[in-house]
Amino acid sequence: MQTKLLKKIMIVEDEEDIRTIIRFSLEKIGQYTVKICESGFEALESVEQFNPDLIVLDMMMPGLDGVQTMQALRKTDIAKSTPIVFLSAKVQPHEVNNYKKLGALDVISKPFNPVTLSKELQKIWEQPT
Amino acid sequence: MGTANMNTSLEDTLKELFHTYSKNLKGKIDEIENTWNMFQLTLDENTLKLLKVKVHNLKGSSGTYGFNEIFAIIEKIEASMDKLIKELSNTAIREQIENDLHHLRQAFLNVDMNTTLNEFLKTSAIRSPHEKDSPS
């Protein structure tokens with residue numbers, strides 16, 4: 001379980017409609033400070049300055065996909081151990097364990113409920129590791 | 001600010017997001033159909049890969065914004081595309097996708113935006129995350 005409070009969340013998502021509703025969900029409902037990145041490359045550029053408590057990565061993105069972005073983030077000093085949650089529109093239950101083995105804290109599936117998303121992330125943040 | 005006011009404001013924002021998405025939905029379906037027609041002409045793998053990204057994105061967003069019928073059809077199309085990528089010229093799979101794209105268009109044309117919005121708001125169940133759960 002994380003001991004510090006969850007305040008800053010970085011979202012990496014290529015689709016605009018999803019970015020918009022996640023921003024609404026996490027900023028307006030969850031009251032978190034949010035940094036939205038449109039690609040894995042942008043996340044790598046922004047991570048040091050934003051220094052997130054948690055990173056949410058879309059799985060399927062052009063350029064660097066979710067797993068590749070996670071691997072690249074793990075090579076940075078600032079995000080080498082930052083908890084990462086995957087967001088996926090295509091995940092089978094048995095694949096969740098594979099993603100966890102790769103180092104993800106958990107996987108949230110799309111479609112998601114925009115009103116409960118922040119609660120879901122908070123629950124994942126508080127779950128025993 | 002009271003909870004009722006806050007929830008009204010959240011509901012208004014959700015409605016606004018829904019309306020913006022629904023305005024763009026036709027364009028997304030048009031794009032998918034156009035890319036599919038391009039693929040049918042060329043049987044080009046890269047065109048199919050591009051199409052898969054568009055289909056995948058529509059799947060995630062349509063379900064999140066409450067367009068459940070569109071989500072169900074597009075999920076089926078994505079599954080067919082996963083098969084098609086392994087055998088690009090398979091006629092049966094291509095016919096299946098063609099039919100499902102037709103159903104997708106019909107489902108879009110038949111969407112009752114008010115009902116979909118109301119269902120979306122109901123499913124989203126506007127509620128502050130700081131409110132305590134009611135005892136069950």
Side-chain angles (χ1 to χ4, degrees), chain A residues 5-7 9 11-32 34 36 38-40 56-66 86-92 95 107-126, chain B residues 1 3 6-25 27-28 46 49-50 52-72 74-75 77-79 81-82 119-133:
Chain A
L5 282 178
L6 175 58
K7 289 179 185 167
I9 304 177
I11 304 293
V12 190
E13 165 66 56
D14 64 311
E15 210 206 344
E16 191 182 355
D17 297 305
I18 297 291
R19 288 199 301 269
T20 310
I21 205 156
I22 290 180
R23 184 185 284 282
F24 159 77
S25 180
L26 299 188
E27 282 183 350
K28 303 285 181 200
I29 299 178
Q31 306 283 304
Y32 298 112
V34 175
I36 302 269
E38 295 180 19
S39 68
V56 179
L57 288 176
D58 182 29
M59 283 297 295
M60 195 185 272
M61 295 186 287
L64 293 178
D65 65 21
F86 282 130
L87 192 59
S88 174
K90 201 176 181 182
V91 66
Q92 302 296 322
E95 290 173 319
V107 181
I108 289 180
S109 62
K110 283 193 270 187
F112 55 84
N113 182 328
V115 174
T116 56
L117 178 67
S118 54
K119 218 175 186 181
E120 204 175 335
L121 278 177
Q122 184 67 42
K123 204 181 270 180
I124 289 171
W125 175 261
E126 289 169 1
Chain B
M1 185 189 283
T3 304
M6 183 172 69
N7 286 348
T8 305
S9 149
L10 291 177
E11 186 172 321
D12 286 345
T13 311
L14 264 186
K15 279 182 185 169
E16 213 174 285
L17 293 175
F18 176 88
H19 287 308
T20 304
Y21 182 77
S22 54
K23 270 183 208 156
N24 296 333
L25 189 52
K28 291 173 194 294
N46 287 330
K49 283 181 179 165
L50 175 70
K52 263 175 62 85
V53 172
K54 291 178 192 293
V55 164
H56 182 78
N57 283 345
L58 181 60
K59 187 178 86 170
S61 62
S62 61
T64 299
Y65 284 87
F67 290 84
N68 298 330
E69 194 179 347
I70 287 177
F71 170 78
I74 204 81
E75 187 174 41
I77 293 173
E78 188 184 35
M81 281 181 182
D82 284 342
E119 280 299 312
F120 172 58
L121 293 175
K122 207 166 87 182
T123 310
S124 299
I126 300 293
R127 187 163 181 258
S128 161
H130 305 298
E131 287 175 52
K132 288 202 170 96
D133 291 329

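A, B, ... follow the sequence lines: proteins, then strands. Residue 1 opens every chain.
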J.: Given a strict heavy-atom distance threshold of 4.5 Å, which part of A/D58 is in contact with chain B: side chain, backbone, both, or neither?
T.: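 Answer is neither: A/D58 stays 4.5 Å or more from chain B.
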J.: Show your reasoning for whether side chain to side chain contact (heavy atoms under 4.5 Å, CB included) applies to B/K28 and A/D17.
T.: CA-CA 11 Å; B/K28 291 173 194 294; A/D17 297 305; 2.4 Å; yes
J.: Once you measure the plane-to-plane angle for B/Y21 and B/F67, does it fall in the parallel (<30°), tilted (30-60°) or perpendicular (>60°) bin?
T.: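 If you compare the ring of B/Y21 with that of B/F67, the planes turn out tilted.
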J.: Is chain A contacted by the side chain of B/D82, its backbone, both, or neither, given a heavy-atom distance below 4.5 Å?
T.: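 Contact with chain A involves the side chain of B/D82 alone.
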J.: Decide yes or no for A/K119 and A/I29: does some side-chain heavy atom of the first lie under 4.5 Å from some side-chain heavy atom of the second?
T.: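 SC-SC contact between A/K119 and A/I29 ruled out.
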J.: Pick whichever of B/T20, B/L17, B/V53 has the most heavy-atom pairs under 4.5 Å with chain A.
T.: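 So the answer, after comparing B/T20, B/L17, B/V53, is B/L17.
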J.: What are the two closest non-hydrogen atoms of A/A89 and B/H56, and how far apart are they?
T.: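 Result for this residue pair: CB-CE1, 3.5 Å.
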J.: Show, in sequence, the C-alpha distance, side-chain angles and deciding distance for A/E15 and A/K110, and conclude whether the salt bridge (Lys or Arg N to Asp or Glu O under 4.0 Å) test is met.
T.: CA-CA 12 Å; A/E15 210 206 344; A/K110 283 193 270 187; 5.4 Å; no
J.: Check whether B/E78 gets within reach of chain A through its side chain, its backbone, both or neither, counting any heavy atom under 4.5 Å.
T.: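 Side chain only.
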J.: With a 4.5 angstrom heavy-atom cut-off, could you sort out which part of B/K49 is near chain A: side chain, backbone, both or neither?
T.: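 Contact with chain A: none, neither part.
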